[in-house]
> 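Sharing a structure with you now.
We count ligands from 1, going down the list as the structure has it; atoms in each ligand are counted the same way. Scope of the values below: all heavy atoms of this structure, side chains included, with no hydrogens, waters or symmetry mates.
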Amino acid sequence: MTRKVILAGNWKMYKTVGESVALVARLKETLADVKGREILVCPPFTTLYAVAKALQGSNIQVGGQNLYPAEEGAYTGEVSPKMLLDVGCSCVILGHSERRQYFQESDQFVNQKLKVALEYGLKPILCVGETLEQRGEGRQKTVVSMQVERGLQEIPAEAMKDVAIAYEPIWAIGTGHTATPEQADEMHAVIRNNLSGLYGDQLAQGVCIMYGGSVKPGNVDDLMAQPEVDGALVGGASLDAESFARIVRFQS
Ligand code: PEP
C-alpha cells in the first residue's frame with residue numbers, strides 16, 4: 001500500500017506577515033515541480049490568511065498549529081476549526097509537545113481536538129513523543145503507545161485516511177540532537193503496531209507516520225530512507241526557504 005509522503009514545516013511563533021509571504025513566495029517558486037509529495041506549511045495564526053492567499057494555485061498546503069475544539073464562543077485567545085478553514089487551512093497540527101508541556105494539554109484534550117478537526121474536514125497531524133527522562137528509564141514505547149491510543153480514542157477507521165502521526169521525541173525538538181534513523185524507525189514501527197492493534201494491519205500500513213526533531217538538510221535523506229519513516233515535521237529548518245526546499249527534495 002502506498003502511503004502519503006508529507007513534508008511539513010511548523011513555523012511555531014516565528015515570522016511577521018511580510019516575512020511569511022516572502023518565505024512562501026520563494027517556496028512556491030522553487031518547489032513548483034515537486035510531485036507525489038505533500039508539502040505543508042504551518043505558520044502562526046496571524047499570517048495564515050496572507051500565506052494561504054500567496055499560495056493559492058500552488059502545490060503547497062497550509063495548516064494551523066493548533067485549534068480550540070468548538071465552532072465559536074467565549075474562549076478568549078483561541079482559534080476555532082471554522083476559522084482555520086475560513087483562512088484557507090486544510091490541515092492542523094495537534095498535541096505538539098510544546099502545547100503539552102507549556103499549556104498542559106492532556107491526551108484527552110488532544111483527542112477532543114482531533115475529533116473536532118475531522119468533523120470540520122481539517123486533516124490532523126497527531127504529535128506524540130517521549131521525554132529524555134522517559135527514554136532514560138526505557139519507557140519510550142509505553143509512553144508513545146499510550147499517547148497514540150488515547151489520542152485516537154473513538155476515531156473511526158474511515159476517518160484515519162485523513163490522519164497522520166508525527167513521532168517527535170521531545171529530547172530532539174529544537175535541540176540539534178536528532179534521533180538516529182534506527183531509533184526513529186524503531187519507534188515508528190511501534191506506532192504502526194499500535195495502529196494495527198486499533199484498526200487492523202491493512203489500515204495501519206496506509207497511515208503516514210512522520211518524524212520530527214531537528215530534521216535538517218543534512219540528515220533528512222538518512223531518516224527518510226527508513227522503511228517506517230514516511231514524512232517529516234520540521235521546526236527550525238522550515239524557517240529558511242532553501243533549507244526547507246532541500247528537505248522536501250530528500251533523496252532516499
Ligand atoms: C517541531 O517543532 O515540531 C520540531 C520538530 O522542531 P525542530 O525541527 O526545530 O526540532
> Take atom OH in Tyr14; do more than 12 heavy atoms of anything else shown fall under 6.0 Å from it?
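No, the 6.0 Å shell around OH holds no more than 12 heavy atoms from other groups.
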> Any atoms of ligand 1 less than 4.0 Å from a non-hydrogen atom of Gly213? List them with their elements.
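Checking each atom against Gly213, I get 5 (C), 10 (O).
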> Looking at every heavy atom in both Ala50 and Val17, which two are closest together, and how far apart are they?
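Ala50 and Val17 have their closest heavy atoms at CB-CG1, 3.8 Å.
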> Do the ring planes of Tyr211 and Tyr167 sit parallel (below 30°), tilted (30 to 60°) or perpendicular (above 60°)?
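Aromatic pair Tyr211/Tyr167 classed tilted.
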> Measure from atom 3 (O) of ligand 1 to every heavy atom in His177, Glu168, Met210 and give the option owning the shortest one.
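That would be Glu168.
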> Can you list the ligand 1 atoms lying under 4.0 Å from a non-hydrogen atom of Leu233?
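Checking each atom against Leu233, I get 3 (O), 5 (C).
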> If I apply the N/O under 3.5 Å rule, does Val234 come out as touching ligand 1?
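It does not: no N or O of Val234 is found under 3.5 Å from an N or O of ligand 1.
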> Please list the nearest protein heavy atom to atom 1 (C) of ligand 1 with its residue and the distance rounded to 0.1 Å.
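Minimum-distance protein heavy atom for atom 1 (C) of ligand 1 reads His96 NE2, 3.3 Å.
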> Are Arg249 and Asp33 close enough for a salt bridge, meaning some N to O gap below 4.0 Å?
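Looking at Asp33 together with Arg249, the answer is yes, because their closest N to O distance falls below 4.0 Å.
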> Heavy-atom contacts with Gly212 under 4.0 Å: which atoms of ligand 1 show up? List them by number with element.
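Going through ligand 1 atom by atom, the ones under 4.0 Å from Gly212 are 5 (C).
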> Taking distance alone, with N or O pairs closer than 3.5 Å, would you say Lys12 contacts ligand 1?
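Among all N and O atoms of Lys12, at least one is under 3.5 Å from an N or O of ligand 1.
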> Got a sec: does the NZ of Lys141 have more than 12 other heavy atoms crowding it under 6.0 Å?
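Result for NZ/Lys141: open.
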> Taking only heavy atoms of Gly174 into account, list the atoms of ligand 1 that are under 4.0 Å away from them.
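Answer for ligand 1: 7 (P), 9 (O), 10 (O).
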> Below 3.5 angstrom, do we get any N/O pair linking Lys216 and ligand 1?
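No, since none of the N or O atoms of Lys216 sits under 3.5 Å from an N or O of ligand 1.
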> If you count the atoms of ligand 1 from 1 in the order shown, which ones are under 4.0 Å from a heavy atom of Ile173?
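Close to Ile173: 4 (C), 6 (O), 10 (O).
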> Heavy-atom pairs closer than 4.0 Å: do any link ligand 1 to the side chain of Asn10, the backbone, both, or neither?
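It is the side chain that gets close, since no backbone atom is under 4.0 Å.
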> Between Ala172 and ligand 1, which part of the residue brings a heavy atom under 4.0 Å of the ligand: side chain, backbone, both or neither?
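It is the backbone that gets close, since no side chain atom is under 4.0 Å.
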> So for atom CD, which belongs to Glu133, do other residues, nucleotides or ligands contribute more than 12 heavy atoms lying within a distance under 6.0 Å?
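No, CD of Glu133 has 12 or fewer neighbouring heavy atoms, counting only those of other groups under 6.0 Å.
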> Select the closest option to atom 4 (C) of ligand 1 among Gly236, Ala166, Pro169, Gly235, judged by heavy-atom distance.
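Selected option, by shortest heavy-atom distance: Gly235.
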> I'd like to know whether OH of Tyr49 has more than 12 heavy-atom contacts from other residues, nucleotides or ligands below 6.0 angstrom.
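Counting neighbours around OH of Tyr49, 12 or fewer heavy atoms of other residues, nucleotides or ligands fall under 6.0 Å, so no.
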> Show which atoms of ligand 1 fall inside a sub-4.0 Å distance from at least one heavy-atom site of Ser214.
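Close to Ser214: 7 (P), 8 (O), 10 (O).
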> Quick one: closest heavy-atom pair of Glu38 and Gln61, and the distance?
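Shortest heavy-atom contact: OE1-NE2, 3.2 Å.
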> I'd like to know if Arg192 pairs up with Asp230 as an ion pair, taking the criterion as any Lys NZ or Arg NE/NH1/NH2 lying under 4.0 Å from an Asp or Glu carboxylate oxygen.
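Answer for the salt bridge query: yes.
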> Taking the six-membered ring of Phe250 (Phe, Tyr or Trp), confirm whether the NZ or CZ of Arg37 is under 6.0 Å from its centre and within 45° of its axis.
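Yes.
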> Quick check: Ala237 and ligand 1, any N/O pair under 3.5 Å apart?
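Between Ala237 and ligand 1 (N or O atoms, distance only) the closest approach is not under 3.5 Å.
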